[in-house]
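For reference, the structure is listed below as structure tokens.
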Amino acid sequence: MENNIRVRFAPSPTGALHIGGVRTALYNYLFARKTGGTMVLRIEDTDQTRYVPGAEAYIQEALDWAGIQLDESPWTGGPYGPYRQSERKEQYLAYAQQLIEAGHAYYAFDTPEELEAMRERLWAARVANPQYDSLSRMQMKNSLTLSQEEVAARISSGEPYVIRFKMPRKEEVRLHDIIRGWVMVHTATLDDKVLMKSDGWPTYHLANVVDDYLMKITHVIRGEEWLPSAPLHVLLYKALGWEAHMPKFAHLPLILKPDGNGKLSKRDAEKQGFPIFPLEWIDPLSNEKVAGFREEGYLPEATVNFLAFLGWSPGTNDELFTMEELIEIFSLERIGKAGTKFDIDKAKWYNQYYLRKRPDAELAGMLQEQLDKLEVGYEAEMVHKVALEIKERAVFPKDLWKDGAVYFIRPARYDQDVAAKKWNAEAQNIISQFAQAVEDDAQALTAERAKDLLQQVLDKNNVKIGRVMQAVRLALTGVGSGPDLMNMIEIIGREETVLRLRQAVHHLHVTP
RNA sequence: GCUCCGUUCGUCUAGUGGUUAGGACGCCAGAUUUUCAUUCUGGUAGCAGGGGUUCGACUCCCCUACGGAGUGCCA
């Protein structure tokens, strides 16, 4: 380890990991690798009521798919484990008590109903900032207002309590964010956040600060939604006496919905028909299914490249980078401040580029996979030729099948619009003669030879090629568009070509 | 409501006082082609508004507008 840079990605296992989470993980990873630091993953599962089975496995699989490697995690282990907050539960209370002893926190016994009543009262009194804070806490039931004896009695009697942070009344909190610069907040606007819940678990704020400290995290790179609570975290570091070990912060811009405004949500994905999750996910509780980048045919390298540029740019005109290259040029300072709209067209463009970059054999394999799945018969050699023929047209692996199907399956019907426009007596005549010529020909049926034969027929009948090509296409494929026809003839072979041409002549009728 | 953050082509962005405001996606057009797609070439389109500061503002400051996030015993 050349230096001590340590970053963490700290997801909560409450469902499928959002694509924004993948980006956060990616930025952490790029920064860690770039600086020779360490990438840590910590599971933040302090809310027992929100735990969703399978979510943790999903996180692991999604990061693995994206190529984001973890140096320390629940799965890889590491010197600062355990890496699940649920497995570190015992430690948090002691830190909360340390804060109480130092006068930075206190016990509170208010019931949910009493809290609600307080908010309503404050609201009715038109208090600018109705919350449990330095102003209102003296009206509440806590160790600041109750006698020491009563507090002790309540606790020993088993009455539920929380521990709240005692927000200073008048203090200016300054925090430096790598992306945003200095951010100043006055403590008078902040509330007394709960640190320990009545169920004995810590809240995010406490657990996060304690674990980041214990795990020696040097840079906290997380979403912008955490910015408002960052001042609290700074105060926590100070109150715990860890100011010297406070990590640097970088709050990432949010990923917004493509149209209109607001955070990208599951609803947008459904409405617009594109995924916003890395992997497909079926919610174990609702059985609801959401689409994943992987299942939709997005390649990991395309997804990573796309995600990297959602809020960051290298400052040059280049935008095609592999993970290795991203690591080379990434820097926190070049992350933008403004929210970023999710542009699926750009993702498709990346996908097309990376799909084409895959070796031909791999593309053939993708096509073969789909043929197998659909139980379509084929010869291995032909699959390779077809893949080569259609790779330029594909954005997703599934397009390989979409455009490749005509090579493997004889047309069962013919596009009527194309037939009406292009199929006529002249074309039918030429195609009949062409079929015969192909059948009678003794030479190997290459694309070139096929073209020669067609040209000979055309010359004999004094017809220009443009007048019949669409009809030939219709005869061979049943549709009006597709890849090069002569190459197709070479690929499907003499017998199939003749068969298809004659079938078309037989089935298609000339409209008078 | 309050706090914080933000605002360059439709979208992602470059730009750190003097530029014809650059690139990419998308879109449009042309070329190529047996069609569609690809490819190539070209085009379209932007500094939210108003005040300052300055010889000079997209760049610095202030205000307004608009947008976003947070405001839970959720993370």
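Each chain gets a letter, A, B and so on, in the order its sequence line appears, and its residues count up from 1.
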task = Using a cut-off of 6.0 Å, state whether more than 12 heavy atoms not belonging to A:E448 lie near its atom CD.
result = no
Side-chain donor-acceptor contact under 3.5 Å, A:N429 with A:Q433 = yes
query = Over how many whole Å does the gap from A:Q131 atom CD to B:C2 atom P extend?
reply = 13 Å
key: Short side-chain N/O contact to B:G72 OP1/OP2 from A:R119, under 4.0 Å   = yes
ask   = Which is true for A:K422 with a 4.0 Å heavy-atom rule: it touches a base, it touches only sugar-phosphate, or it touches nothing?
value = nothing
task = Check if the side chain of A:K346 and the base of B:A24 share a donor-acceptor pair of N or O atoms closer than 3.5 Å.
result = yes
A:W123 CH2 - B:U71 P separation (whole Å) = 13 Å
key: Complementary nucleotide of B:G42, counting Watson-Crick and G-U pairs under 3.5 Å   = B:C28
side-chain N/O A:T49 vs B:C74 OP1/OP2, d < 4.0 Å = no
key: Whole-Å C1' distance, B:C12 and B:G46   = 13 Å
query = Below 4.0 angstrom from OP1 or OP2 of B:C73, is there any side-chain N or O of A:R164?
reply = yes
task = Using a 4.0 Å heavy-atom cut-off across all strands, classify A:R356 as base, sugar-phosphate, or nothing.
result = sugar-phosphate
request  = Name the nucleic acid region contacted by A:L254, choosing base, sugar-phosphate or nothing; use a 4.0 angstrom heavy-atom cut-off, strictly under.
outcome  = sugar-phosphate
query = Can a donor-acceptor pair be found between the side chains of A:Q85 and A:D45 at a distance below 3.5 Å?
reply = no
task = Sticking with atom C1', work out how far B:C58 lies from B:C9, rounded to a whole angstrom.
result = 13 Å
ask   = Between A:V479 and A:D415, which heavy-atom pair has the shortest distance, and what is it?
value = CA-CB, 4.2 Å
query = Has A:T189 got a side-chain N or O lying under 4.0 Å from the OP1 or OP2 atom of B:C4?
reply = no
ask   = Has the side chain of A:R473 got a donor or acceptor atom sitting under 3.5 Å from an opposite partner on the base of B:U35?
value = yes
query = With a 4.0 Å cut-off on heavy atoms, is A:V194 in touch with a base, just the backbone sugar-phosphate, or nothing at all?
reply = sugar-phosphate
Row check, A:Y132 ring normal vs A:R164 NZ/CZ: under 6.0 Å, within 45° = yes
task = For B:C73, give its Watson-Crick or G-U wobble partner with both distances under 3.5 Å, or none.
result = none
request  = Could you tell me whether the side chains of A:Y106 and A:D192 share a donor-acceptor contact shorter than 3.5 Å?
outcome  = yes
ask   = Under 4.0 Å: is that the gap between some side-chain N or O of A:K337 and OP1 or OP2 of B:G67?
value = no
Ring-face cation contact, A:Y83 with A:R42, 6.0 Å cut, 45° max = no
ask   = Rounded to whole angstroms, how far apart are CD1 on A:I179 and C1' on B:U16?
value = 17 Å
key: Interatomic distance, A:Q352 CD vs B:C36 P [rounded to whole Å]   = 17 Å
key: Integer angstrom distance from the C1' of B:G26 to that of B:C73   = 48 Å
request  = Would you mind pulling out the nucleotide paired to B:A14, Watson-Crick or G-U wobble, both distances under 3.5 Å?
outcome  = none
request  = Considering just the side-chain nitrogens and oxygens of A:R334, establish if one lies under 4.0 Å of OP1 or OP2 belonging to B:G15.
outcome  = yes
message = Would you say the rings of A:F293 and A:F274 are close, in the sense that their centroids are separated by under 6.0 Å?
response = no
request  = Let me know the distance between CD of A:E392 and C1' of B:C40, rounded to the nearest Å.
outcome  = 13 Å
inquiry  = What is the distance, to the nearest angstrom, from the CD atom on A:E120 to the C1' atom on B:U71?
reply    = 17 Å
Gap in Å between the two C1' atoms, one belonging to B:C61 and one to B:U16, rounded = 15 Å
inquiry  = Whether A:K391 contacts B:A37 is assessed here as follows: a side-chain N or O lying under 4.0 Å from the phosphate OP1 or OP2. Is that the case?
reply    = no
message = Let me spell it out: for each of A:F309 and A:Q470, pick the nucleotide of RNA chain B with the closest heavy atom. Which residue's pick is nearer the 5' end?
response = A:F309
request  = Provide the distance between the two P atoms, one in B:U53 and one in B:G72, to the nearest whole Å.
outcome  = 44 Å
message = In whole Å, measure the gap between the P atoms of B:U59 and B:G6 for me.
response = 15 Å
remark   = Pairing partner of B:G6, by Watson-Crick or G-U wobble and under 3.5 Å for both distances, is B:C66
ask   = In whole angstrom, what separates A:I335's CD1 from B:U16's C1'?
value = 18 Å
note = In Watson-Crick or G-U wobble terms, with both distances under 3.5 Å, the base opposite B:U33 is none
query = Between A:R222 and B:G70, is there a side-chain N or O to OP1/OP2 distance below 4.0 Å?
reply = no
key: Spacing of A:F321 atom CZ relative to B:A24 atom P, expressed in whole Å   = 14 Å
query = Using the C1' atom in both, what is the distance from B:C28 to B:A45, to the nearest Å?
reply = 12 Å
inquiry  = Please classify the nucleic acid contact of A:S12 as base, sugar-phosphate, or nothing, using heavy-atom distances under 4.0 Å.
reply    = sugar-phosphate
task = Could you give the distance separating B:G67 and B:C60 at their C1' atoms, to the nearest angstrom?
result = 24 Å
ask   = Quick one: on RNA chain B, does A:A338 or A:W226 contact a more 5' nucleotide (nearest heavy atom)?
value = A:A338
